[in-house]
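Inspection log for the structure reproduced underneath, given as structure tokens.
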Amino acid sequence: AYAGVPPEAMEVAVVVRGGALPCVLRNSAFEAKFGCANPSRPLTKDLARLGVKVYVCAQFLLDSGHALTDLAAEVLPALSALVMVPEYQLKGYAYMAV
């Protein structure tokens with residue numbers, strides 16, 4: 001957007017894994033672990049509203065003791081981050097790790 005690309009011309013996908021997992025949990029799952037509401041919920045809701053596809057590595061999710069039902073409604077489970085990233089790269093997306 002800062003470079004002048006209009007939002008309707010952008011397609012963004014986020015693949016969450018590892019330590020970022022709590023960011024995509026629904027409030028009840030987050031509260032059970034941390035004792036408070038998930039402060040990232042407004043962000044994931046806004047990303048989805050703007051058309052960003054937010055995925056989580058389901059392998060990491062399940063290995064962490066969570067269930068698919070622990071995910072925020074707008075977050076999509078992906079088989080694994082290691083599958084999702086190259087899948088999107090083959091579609092022409094650029095990989096940006098943060």
Side-chain angles (χ1 to χ4, degrees):
Y2 289 124
V5 178
E8 60 273 5
M10 287 188 251
E11 290 184 33
V12 178
V14 175
V15 181
V16 175
R17 65 173 204 78
L21 173 65
C23 296
V24 296
L25 296 176
R26 68 176 57 246
N27 273 328
S28 59
F30 191 94
E31 286 176 13
K33 185 165 183 146
F34 299 102
C36 62
N38 187 344
S40 298
R41 291 294 294 124
L43 173 62
T44 55
K45 286 179 181 179
D46 284 347
L47 288 172
R49 182 180 52 77
L50 293 169
V52 174
K53 293 180 180 136
V54 180
Y55 296 96
V56 67
C57 177
Q59 288 182 358
F60 189 83
L61 175 79
L62 299 174
D63 284 347
S64 299
H66 291 285
L68 293 176
T69 55
D70 290 341
L71 291 176
E74 64 277 2
V75 178
L76 305 166
L79 176 62
S80 79
L82 293 174
V83 170
M84 249 1 228
V85 170
E87 182 178 318
Y88 268 87
Q89 286 178 301
L90 289 171
K91 294 177 183 178
Y93 283 67
Y95 176 65
M96 300 174 66
V98 288

- The reported gap from NZ in Lys53 to OH in Tyr88 (rounded to nearest 0.5 angstrom) is 4.5 Å
- Task: Kindly give the heavy-atom pair with the smallest separation between Ala81 and Pro86, and that separation in Å.
- Result: O-CD, 4.3 Å
- Nearest heavy atoms of Cys23 and Ser40, plus distance in Å: O-CB, 3.4 Å
- Message: Atom CD of residue position Gln89 - does it have more than 12 heavy atoms of other residues, nucleotides or ligands inside 6.0 Å?
- Response: yes
- dist Arg41:CZ -> Asp46:CG (nearest 0.5 Å) comes out at 10.5 Å
- For the hydrophobic clusters of this structure (ILVMFWY residues joined by side-chain heavy atoms under 4.5 Å, transitively), does one cluster hold both Leu82 and Leu62? no
- Atom CZ in Phe30, atom CG in Leu21: separation rounded to 0.5 Å? 10.0 Å
- Under a single-linkage definition using a 4.5 Å side-chain heavy-atom cutoff for Ile, Leu, Val, Met, Phe, Trp and Tyr, are Val52 and Met84 assigned to the same hydrophobic cluster? no
- Task: Among Val14, Leu76, Val75, find the residue that satisfies the side-chain contact (heavy atoms from CB on, under 4.5 Å) test when tested with Val24.
- Result: Val75
- Query: Is Tyr55 reachable from Val12 through a run of I, L, V, M, F, W or Y residues, each pair having side-chain heavy atoms under 4.5 Å apart?
  - Reply: no
- Nearest 0.5 Å please: distance from the CG atom of Asp63 over to the CZ atom of Arg17. 12.0 Å
- Message: Show the nearest heavy-atom pair for residues Leu61 and Ala67, with the distance to one decimal.
- Response: CD2-O, 3.7 Å
- Taking Ser80 for the side chain and Val83 for the main chain, is one N or O donor matched with an acceptor at less than 3.5 Å? yes
- Task: Spell out, as yes or no, whether a donor-acceptor pair under 3.5 Å connects the side chain of Asn27 to the backbone of Asn38.
- Result: yes
- Message: Within the 3.5 Å criterion, strictly below it, is a donor on Glu74 or Thr44 matched to an acceptor on the partner's side chain?
- Response: yes
- Message: Nearest 0.5 angstrom please: His66 NE2 to Leu71 CG, how far?
- Response: 9.0 Å
- Query: With the 4.5 Å side-chain cut-off for hydrophobic clustering, are Val15 and Leu79 part of the same group?
  - Reply: no
